[in-house]
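Scope of the values below: all heavy atoms of this structure, side chains included, with no hydrogens, waters or symmetry mates. Residue numbers begin at 1 in each chain, while the letters A, B, ... track the order of the sequences.
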Amino acid sequence: MPFNGAGGFVSEQVADDREGFDPHAIQEKWLPVWDELAPFRSGDVNDQRPKKYVLDMFPYPSGDLHMGHAEAYALGDVLARYWVQRGFNVMHPIGWDAFGLPAENAAIKRGENPRSWTYENIAQQKASMRRYACSFDWDRVLNTCDPEYYRWNQWLFLQMFNRGLAYRKDSAVNWCPSCQTVLANEQVVAGCCERCDGAVTKRKLNQWYLRITEYAQRLLDDMGQLEEGWPEKVLLMQRNWIGRSQGAKVNFAIEGRDEPVTVFTTRPDTLFGATFMIVAVDSPLAVELAMQGGSVDAHANYLEQVRAATDIERQATDREKTGVFLNVHAINPVNGERIPVWASDYVLADYGTGAIMAVPAHDQRDLDFALKFNLPVKVVVASDEDPATTGVATADDGEHINSGPLDGLDTDAAIARIIEVLRERGTGDASVNFRLRDWLISRQRYWGTPIPIIHCEKCGEVAVPESELPVTLPELSGDALRPKGVSPLAAAHEWVNTTCPTCGGAAKRDADTMDTFFDSSWYFLRYLDPANETAAFDVQQAKQWLPVDQYVGGVTHAILHLLYSRFFTKVLFDMGLVDFTEPFARLLNQGMVLKDGSAMSKSRGNLVRLSEELDAHGVDAIRLTMVFAGPPEDDIDWADVSPTGSRKFLARAWRLAGDVTSAPGTDPRDGDVALRKVTHKIVHESAQAVESYRFNVLVARVMELVNATRKAIDTGVGPADPAVREAVEAVAVMLSLVAPYTAEEMWERLGNAATVMRAGWLDVDSALLVADAVTCIVQINGKIRDRFDVAPDISEAELQSVAFAREAVREALGDVQPSKIIVRAPKLVNIVAS
RNA sequence: GCCCCCAUAGCCCAGCGGUAGAGGCAAGCGACUUAAACUCGCUCAAGCGUGGGUUCGAAUCCCCCUGGGGGCACCA
């Protein structure tokens, strides 16, 4: 007995050869032709066709393309190719997100500069994309690691710097010990580094930030524009991330201190129930108050304890509350009550004011703390149970008690009233807070965009003059790149030591590089004009092409990249460089490619190699498999799909083209009407399927048409009928979205000139969409009793009388009187009889 | 703990108020073949996770529960 897999493989090859469908041969045949024709070069400014900007998220060049790329680019391709067929001037560009850590790590290992590894991988990916028949416009390629690109990163940074949107501050930042760099808030997932999964620690550093929080409200408001075009899930994630909370700021006087302490609360109505105050243990305020209260040692000890705990430990939800009394008291501004001030780590230093009023009766965290440290619990919203005994804080709406002027009010009224009271007394006001933090962009690594700032002892932070951009990376390689906790650039003495552009004195360049998310926050604009030497992008072209009509990429970027791009767009709008406020009108998130229920990985041993799949089944079969596997948003389990089946179908479609005997240009109007109706209906439905992202349905429709045409040729009107040619040409055009090699080969077999990609979508004849007859069903009390064919345009009255004349209906009805008759012409008559 | 999404033949999935099925995989049968593969044709199957509600009518809308997936997670 031959080995199963091998046996199957060999016989399949033999069969293909005999049948003549050889995917690999047609790949070799058409690639050079397409290179020549460049069917996807986007039109210029004067192109009369309406524009469509289809954008795939650009890849990071970490080795060759994998199955995930294959899916994403197959899906983006369906959309781009569809709009070309529909007569649009489509721009479908690609580039490389080419800065980043893996290149640097590879360079250290290989004793080289990261450039070589990066460009090798780009070349490999580019070759694979070409083979994979991606419909990219190869004249617009960009690499973010090219000085011609990152020079404009620096320019943009300086614009933000000049507008006060880029600033430097000291703070405790997320530090990944394994990547040896700081991380943005968004790059820390459950206390771990998003990239390497190592535990993240805190470090006090002076770093560059972008003031994204200034745009928090607009980032929220403008989501209204995206409700139609973006997945609800992504909008929800962004809303949660921005985390707007409405509440009030309340000033509490501190005994023995001139300055009051302000707290932020979403429940100012519970102010009368505040029984203590908490300040974040790691805030400067805590240190100050400890000094005032003489509790410096206690505070310092506690702080040390807290610092020793990792973020992961800190985030355990069932963790016991800890804290220390600072020996200071605050005065509740509305009732004059004297309450103790504690420090704890459950209050965050960088959210709100870093201090809270604790209302244990109505906030679970505060209650846990109160019970642990025997602090009083005061109920101010009436409830059946007493939180102090149940241990469960009540957060429901209800009648306020023990609250002076708020007594008897419900929550909404009480909030409104207390804000009035606070305003009158000048001790507080309504306030809004966001969870979103400013974006930390400094990275202590080499392979990124140098921050174009010079530090001068006399002049401070000085912008590098625009005329001196780009600030290029010095040549470093191998061990010089090894992480030392400070940027490798700091050790490049010749590079880092410079003169101050303002005073001409000795000065140092900023040695950090930018987060690579900076690079990808505006790359979609650079595609317009990637070789532009005088501007980041052409403002006129931006008016013409932007916003992106269709963006395709993984949901992994739901927050980071998409939020940053939205932010950049608003900044550019404010600068008057673009005339839109949202960069991506429609967004499609493709799922992942899995194997046996889990993500593929070398360590798991369930890796499916794209190149091997392409070798075994051909490019078209793999593309088809990706598209046909299910809805694009769903994950594809490679165990559930059949590339062999895809290939069989392609061969079947291809054979159709060889059977057609009519000449090119034959008038389809002389063809068989029944087949023409099928063709036009399917073409019509296929267009709808593509436009609503139901690509799997598109494929199913094409299969349907292939089946119908096969039948027409073999046992129907025969291969010479003009309707058969029309059907097969329609198959080729529709298939060109998914399986371009096969489609092109079919097109040629049909006697047409290349290329099928620009053949144009079949004009659907609406007269052919009307069915000859529709089957009508008759229900009696919900049960189907009869069915018969009627004209599709039958009137309701007519249909009703036809139904009642039917033998089966009269029989079923007997002599029962109908109490209600519902007629939905032409498909249904429902008779209710009781 | 909070929020969101999903559940249709053995499997992947269409259908999203009106006859449960578009398509594929798998399975079975037949034709072709010396035989097999390939190809072609035919067949097979679920009553739509559970329970309730709305409706003349529910896979489709609403609520509960179960099971799976995802997001957030001391954000005051």
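Side-chain polar atoms of A:Arg694 and A:Gln688 form no donor-acceptor pair below 3.5 angstrom. A:Asp438 and A:Thr213 are linked by a side-chain donor-acceptor pair at a separation below 3.5 angstrom, with hydrogens and angles left out of the test.
Residues A:Arg437 and A:Asp350 are paired through a salt bridge, judged by an N-O separation under 4.0 Å between the basic side chain and the carboxylate. Look at A:Arg655 and A:Asp659 and you find no salt bridge, because none of the NZ, NE, NH1 or NH2 atoms lies under 4.0 Å from a carboxylate O.
OP1 or OP2 of B:C5 has not a single side-chain nitrogen or oxygen of A:Lys233 nearer than 4.0 Å. OP1 or OP2 of B:C72 has not a single side-chain nitrogen or oxygen of A:Arg435 nearer than 4.0 Å. Taking side-chain N and O atoms only, A:Arg239 has no distance below 4.0 Å to OP1 or OP2 of B:C3. Under 4.0 angstrom from either OP1 or OP2 of B:C42 there lies at least one side-chain N or O belonging to A:Lys711. Proximity of A:Ser642 to the phosphate of B:A26: no side-chain N or O atom is located under 4.0 Å from OP1 or OP2. At least one side-chain nitrogen or oxygen of A:Asn707 sits closer than 4.0 Å to the OP1 or OP2 atom of B:G24.
Under the side-chain contact (heavy atoms from CB on, under 4.5 Å) criterion, A:Arg787 pairs with A:Thr775, A:Ile777, A:Ile784, sequence neighbours left out.
Contacts between residues 625-632 of chain A and RNA chain B, defined by a heavy-atom separation below 4.0 Å, involve A:Phe628, A:Ala629, A:Pro631, listed by number.
Of the listed nucleotides (B:A22, B:G18, B:G41), B:G41 has the atom at the smallest distance from the side chain of A:Arg652. Among B:A76, B:G71, B:C13, the nucleotide with an atom closest to any side-chain atom of A:Met237 is B:G71. In the set B:G15, B:U19, B:G41, the nucleotide with an atom closest to the side chain of A:Arg787 is B:U19. Considering only the side chain of A:Asn696, B:C13 comes nearest among B:G23, B:C13, B:C4. Listed nucleotides B:A76, B:U19, B:C56 differ in distance to A:Tyr351; the shortest reach to its side chain belongs to B:A76. Closest to the A:Asp640 side chain, of the nucleotides B:C11, B:U19, B:C4, is B:C11. The side chain of A:Asn830 lies closest to B:G18 when the candidates are B:A76, B:G18, B:A22. For A:Ala700, counting side-chain heavy atoms from C-beta on, the closest listed nucleotide (B:G18, B:A76, B:G23) is B:G23. The nucleotide whose nearest atom lies closest to any side-chain atom of A:Met703 is, among B:G23, B:U19, B:G41, B:G23. In the set B:G24, B:A22, B:A76, the nucleotide with an atom closest to the side chain of A:Phe264 is B:A76.
Pairing partner, B:U19: none, since no Watson-Crick or wobble contact has both distances short of 3.5 Å. A 3.5 Å limit on both hydrogen-bonding distances identifies B:G1 as the Watson-Crick or G-U partner of B:C72. Across all strands shown, B:C38 forms no Watson-Crick or G-U wobble pair with both key distances under 3.5 Å. Base pairing of B:C32: no nucleotide in any strand meets the Watson-Crick or G-U wobble criterion (both distances under 3.5 Å). Base pairing analysis places B:A27 opposite B:U43; the two distances defining the Watson-Crick or G-U wobble pair are each below 3.5 Å.
Because its glycosidic torsion is within 90° of 0, B:G47 is reported here as syn.
Using a 4.0 Å heavy-atom criterion, one finds that A:Glu704 contacts the sugar-phosphate atoms exclusively. As judged by a 4.0 angstrom heavy-atom cut-off over every strand, A:Ile822 is placed among the base-contacting residues.
Mapping A:Thr775 and A:Ser646 onto RNA chain B by nearest heavy atom places A:Thr775 closer to the 5' end of the strand. Remark on RNA chain B: of its neighbouring residues A:Ile777 and A:Thr266, the 5'-side contact belongs to A:Ile777, judged by nearest-heavy-atom nucleotide.
For A:Lys372, the NZ atom counts as densely surrounded, since its 6.0 Å shell holds more than 12 non-hydrogen atoms of other residues, nucleotides or ligands.
Side-chain N/O atoms of A:Lys321 and base N/O atoms of B:C74 include a donor-acceptor pair closer than 3.5 Å.
Here the two rings, on A:Phe628 and A:Phe649, have centers that are 6.0 Å apart or farther. Ring centroid separation for the pair A:Phe373 and A:Trp342 comes in under the 6.0 Å cut-off.
To the nearest whole angstrom, the two C1' atoms, one in B:U8 and one in B:U50, are 15 Å apart.
For the atom pair CG (A:Asp637) and CG (A:Leu594), the distance works out to 5.5 Å, reported to the nearest 0.5 Å.
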